[in-house]
Amino acid sequence: MPSMASTSTFENGKRKSSDALPVPRPKLMKNDLGGSRRREIWEQRRTLPIASAAKKLVKEVENNDTLIVIGETGSGKTTQLPQFLHAAGYCKGGSMVGITQPRRVAAITVATRVSEEMGVQLSGEVGYSIRFEDATSPQTRLKFMTDGMLLREALLDPLLRKYSVIILDEAHERTVHTDVLFGLLKGVQKRRREVRADVEVDGKTEQGASMVKPLENRTQIKLDSEAHGSNGSSKSRRLKVLKVVVMSATLDAQGFCEYFDGAKAVYIQGRQHPVQIMNTYTPEADYLDAALITTLQVHLEEAPGDILVFLTGQEEIENMERLLTERAAFLPEGTPKILIAPIYAALPSEQQMRVFEPAPTGVRKVILATNIAETSLTIPGIRYVIDPGLVKAKVYNPRIGVESLAVVPISKAQAAQRSGRAGREGPGKCFRLYTVETFNKLEEATVPEIKRCNLANVVLQLKALGIDDVLGFDFMDKPSRAAIVKSLEHLYILGALTDEGKLSDPLGVQMARFPLEPVYAKAMLVSSSFRCSEEMLTTVAMLSAESIFFTPREKFKEANAARQRFTSPEGDHITLINVLRAYTQEVEGSQRIEGEVNHKKLEKKLRSWCSSNFINGRSLRRALDIRRQVRGYVEGMGLELISCGDDLNQFRRCLTASFFLNAAHKQADGKYRALSTGQTVAIHPSSVLFGKKPDCVLFNELVRTNQQYIRSLTRIDSLWLAELAPQYYSTRDLVYAARPLSQEGLLKPH
DNA sequence: GAGCACTGC
């Protein structure tokens with residue numbers, strides 16, 4: 001690895017005496033990309049807004065254990081700060097700088113860019129780690145990862161000893177994972193200080209280290225402090241305080257500063273072009289019609305440049321595409337043509353790529369997008385943004401545990417993010433289809449996800465991290481008490497928590513290890529005693545992947561016919577198992593017969609098999625990935641993987657023992673009643689049991705649209721509930737009644 | 001006879 005050593009040029013003495021960016025002049029290396037490319041990169045780095053602040057930033061990190069960095073779009077904070085810290089010695093002695101991102105793609109692209117800038121190989125000194133993919137090595141010093149991945153690491157190493165600095169990037173997005181990391185890292189900082197203080201007080205060298213178990217890390221900790229023991233007494237020879245840098249793109253830093261005990265905030269200017277904002281004078285009665293008219297108006301009156309229209313969902317995008325095509329046909333003669341490119345997450349990736357293709361000369365591209373274009377991907381060429389000010393967002397009702405999607409107004413921060421999309425390459429314009437008064441009434445920021453989701457997973461992870469008092473956890477925005485209590489109860493019923501509210505061992509401990517919804521993790525663990533763990537493995541993978549079946553509206557009948565060959569009269573779970581069994585036999589099986597597995601060929605076969613069977617290829621691939629990963633965990637725990645073969649009754653009984661909380665019973669009037677909440681529910685038309693009127697079913701999802709629907713069902717014998725979940729159901733009454741639970745122990749951990 | 005914003009382990 002010759003390239004590794006060359007980066008040590010960052011650590012030379014020159015840096016200290018100069019205000020300039022600590023970027024070494026381009027140097028030729030083996031496997032070099034070519035001198036001109038290196039010079040180009042160097043030139044780009046030098047002119048970034050953050051470059052002039054390099055020295056100051058490093059000093060701020062040195063002087064503050066927690067630092068808030070507000071960096072506007074285009075400031076270069078994400079790629080540069082990690083390199084500055086590397087150059088300043090924060091990676092010496094085996095320490096790492098960890099940088100979290102909310103999205104997988106971002107972790108990969110940023111790591112790739114930084115490795116290129118540093119002239120090192122990816123997965124060498126610079127690496128990334130995301131689910132299903134670890135591109136790091138023992139040499140890795142700058143580690144980019146998804147926020148969820150760092151959370152997983154904390155389970156194995158609660159003090160995060162490998163890290164000298166953690167940078168939480170895109171903190172303003174407030175993902176559940178980032179929010180949990182906030183509280184967690186505060187705790188780690190405190191505990192790492194305590195470990196140090198211990199040493200300083202009694203001076204006995206081994207005392208502090210005994211809190212930090214594994215032997216091999218002791219040397220590393222020592223090396224840490226030798227590397228940069230700038231602050232603190234000479235006696236502090238143990239774990240360095242963890243430096244935390246919170247990076248955000250929104251200007252409002254106050255919330256972060258307050259939460260991090262008055263942490264200092266620094267601002268870095270961005271490099272955005274001006275965007276002219278236009279609002280309507282009166283509220284629009286029909287925002288879709290307004291969006292349509294505005295799009296055509298911009299096309300007729302404005303200079304060249306592509307248009308980005310934000311819409312709420314697939315259906316709306318499809319409608320708009322149709323309307324726009326119709327109206328475009330009646331444009332005055334000589335008007336340039338338009339090219340419509342829709343994009344939303346569920347769109348097959350080949351069609352997604354169309355938004356990135358430049359329109360032919362003289363043609364204007366109109367992109368119809370969901371909020372996928374707000375942050376997740378950047379489309380080049382956009383000069384005009386049309387923003388109706390609405391978004392489809394998940395709403396969660398903790399009382400009854402129901403999720404639904406609703407169209408709601410965006411926040412001011414989201415409005416700014418949307419308009420910013422017009423100023424990436426040059427001055428732009430944003431047309432907001434709402435009045436200034438309406439804008440002023442919008443919320444400043446979107447309600448953090450942690451306040452609007454099911455917390456079962458979060459609570460389980462916190463318990464696994466040794467945080468027993470979840471209600472007292474230092475959340476930046478605390479979820480409602482009701483939501484926390486609900487998930488504590490849920491975990492207790494699943495057996496993950498003891499009567500005292502502690503994580504049960506081994507059940508709770510094992511459940512927390514799985515990258516699955518707690519109820520799926522439980523099902524996985526229960527399944528080996530029912531001798532159907534292969535089938536449950538497939539089930540939890542397929543359920544985690546969601547929407548395996550692909551039903552385009554125009555081919556509704558064909559899709560339903562294709563599904564027939566997988567359909568099981570027992571329900572959706574076994575139907576999903578049939579899909580995977582068929583795939584394995586018809587695609588992977590035939591590959592093996594032909595000899596060595598050729599991945600390209602397999603991929604091609606998967607695609608054609610999926611399209612002829614109306615299966616969503618992306619979802620199936622994801623299910624296969626999850627299946628492989630979960631299989632690894634199951635085997636790692638020493639659990640046996642057994643198939644029940646054709647004895648699927650055994651499997652249905654296992655589903656009952658696992659998903660007993662979600663049982664529904666047919667009433668005299670033919671409607672269904674969810675047993676644990678008493679709600680009236682209906683079988684979702686996407687289920688294979690729709691119209692079959694089974695007496696008793698289990699379900700995995702409860703969604704509210706026009707009415708309350710249950711999805712992913714299996715028919716069961718109602719007597720199994722009392723037999724397999726006696727702790728929850730009693731047989732005394734004709735109608736099964738859920739038993740009340742005592743909450744005392746759960747809420748006040750001993 | 002219905003509808004699935006977007007991420008993540």
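Lettering follows sequence order; numbering is per chain, from 1. Everything numeric in this text was worked out from a predicted model, so none of it was measured.
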- Task: May I have the distance from A/Q629 (atom CD) to B/dG8 (atom C1'), rounded to whole angstrom?
- Result: 11 Å
- Does A/T146 make a side-chain N or O approach to OP1 or OP2 of B/dC9 shorter than 4.0 Å? yes
- Query: Just checking A/R103: base, sugar-phosphate only, or nothing, at a heavy-atom cut-off of under 4.0 Å?
  - Reply: sugar-phosphate
- Message: A cation-pi test, strictly: NZ or CZ of A/K441 under 6.0 Å from the centre of the six-membered ring of A/Y434 and no more than 45 degrees from its axis. Yes or no?
- Response: no
- Proximity to the side chain of A/H177 - top-ranked nucleotide from B/dT7, B/dA2, B/dG8: B/dG8
- Message: Heavy atoms from C-beta onward define the side chain here; which of B/dG8, B/dG1, B/dA5 lies closest to that of A/N371?
- Response: B/dA5
- Atom-pair distance (CD1 on A/I108; C1' on B/dG8), nearest Å: 13 Å
- Go through B/dA5, B/dT7, B/dC9 for me and flag the one nearest to the A/I372 side chain. B/dT7
- Roughly, in whole Å, what's the span from CZ in A/F690 to P in B/dG3? 11 Å
- Query: Nearest to the side chain of A/A345, which nucleotide is it out of B/dG1, B/dC6, B/dC9?
  - Reply: B/dC6
- Query: Where the side chain of A/I130 is defined as all heavy atoms beyond and including C-beta, which of B/dA2, B/dT7, B/dC9 is the nearest nucleotide?
  - Reply: B/dC9
- Considering only heavy side-chain atoms of A/P685, the closest of B/dA5, B/dG1, B/dG8 is B/dG1
- Task: Return each pair, listed once, that meets salt bridge (charged side-chain N to carboxylate O under 4.0 Å, His left out) where at least one residue sits in residues 504-514 of chain A; pairs must be two or more places apart or across chains.
- Result: none
- Any idea which of B/dC6, B/dG1, B/dC9 is nearest the A/T370 side chain? B/dC6
- Item | Between C1' of B/dC6 and CD of A/Q414, the distance in whole Å | 11 Å
- Query: 5'-most contact on DNA chain B: A/Y344 or A/Y633, nearest heavy atom basis?
  - Reply: A/Y344
- How would you list, by chain and number, every residue that makes a ring-ring contact (aromatic ring centres under 6.0 Å, His included) with A/F614, sequence neighbours excluded? none
- If you check every side-chain atom of A/R104, which of B/dT7, B/dC9, B/dG3 has the closest atom? B/dC9
- Message: Expressed as a whole number of angstroms, how long is the span from A/I450:CD1 to B/dT7:C1'?
- Response: 14 Å
- Query: Is NZ or CZ of A/R452 both nearer than 6.0 Å to the six-membered ring centre of A/Y396 and within 45° of the ring axis?
  - Reply: no
- Query: Counting side-chain heavy atoms from C-beta on, which of B/dG3, B/dG8, B/dC6 comes nearest to A/N457?
  - Reply: B/dG8
- Query: Taking CG from A/L150 and P from B/dG8, how many angstroms apart are they, rounded to a whole number?
  - Reply: 16 Å
- If we only count heavy atoms from C-beta on, is the A/I130 to A/M145 side-chain gap below 4.5 Å? no
- Task: Round to the nearest Å and state the distance from A/F550 atom CZ to B/dC4 atom P.
- Result: 16 Å
- Length of the line joining A/Y709:OH and B/dG1:C1', which is rounded to integer Å: 8 Å
